[in-house]
Amino acid sequence: MIATWQDAIAWGVLVLPLIVLAWAAMWFVNVQAERNRYERYQRFHTIMEQLGSKDGSTADKMAAAYELRNYREYADVISKIFANGHVRTDANDMLQAQLKETLKYVRGPKT
């Protein structure tokens, strides 16, 4: 127990660095997680560009389509872009609908 002020200082000297280390570790983990999310988005975007390009072999596009299976977090967007195995051609309507949904999501529930 803390009986004297020297004990309190000793505990403070012990606990304060541990708190600082824990905060630094949490900050580092958050930065790494954000970097990983960004890099994952970049890879997803590259795959989508490869699928949408006019050039490129069928094998490359098949491999890119297969790779999309690893991006379940983008399932909503993927299902809107590809309908029945084909790339949708109503680009303006599709983009406008997606932007409306995004705006609704960003605004959140009305309270």
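These values consider heavy atoms only, across backbone and side chains, with no hydrogens, waters or symmetry-generated copies.
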| query | With under 30° as parallel and over 60° as perpendicular, where do the rings of Tyr74 and Phe44 fit, or are they tilted in between? | reply | parallel

| request: Take Met48 and Val77 through the test side chain to side chain contact (heavy atoms under 4.5 Å, CB included) and record every step on the way to the result. | output: CA-CA 11 Å; Met48 293 302 288; Val77 168; 5.5 Å; no

| task | For the pair Arg37 and Glu34, find out whether any cationic side-chain nitrogen is under 4.0 Å from an anionic carboxylate oxygen. | result |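 Yes.
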
| task | Check Tyr71 against Ile78 and note the closest heavy-atom contact, atom names and distance. | result | O-CD1, 4.0 Å

| task | Locate the shortest heavy-atom distance separating Pro17 from Gly12; write the atom from each residue and the value. | result | CD-O, 4.0 Å

Which value, rounded to the nearest 0.5 Å, describes the distance between [X] atom [atom1] and [Y] atom [atom2]?
{"X": "Leu51", "Y": "Leu68", "atom1": "CG", "atom2": "CG", "result": "5.5 Å"}
{"X": "Leu14", "Y": "Ile9", "atom1": "CG", "atom2": "CD1", "result": "13.5 Å"}
{"X": "Gln98", "Y": "Asp76", "atom1": "CD", "atom2": "CG", "result": "6.0 Å"}
{"X": "Lys80", "Y": "Leu95", "atom1": "NZ", "atom2": "CG", "result": "11.5 Å"}

| message | Is it the case that the side chains of Glu67 and Asn70 hold a donor-acceptor pair, with the cut-off being a distance below 3.5 Å and no angle test? | response | yes

| message | Looking at Met62, I'd like to know if its CE atom is crowded, meaning that more than 12 non-hydrogen atoms belonging to other residues, nucleotides or ligands lie closer than 6.0 Å. | response |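 Not buried by this count: 12 neighbours or fewer within 6.0 Å.
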
| said: Show every side chain to side chain donor-acceptor pair (under 3.5 Å) that has at least one partner inside residues 42-58, sequence neighbours left out. | reply: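 Sorted result for residues 42-58: Ser57-Asp60.
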
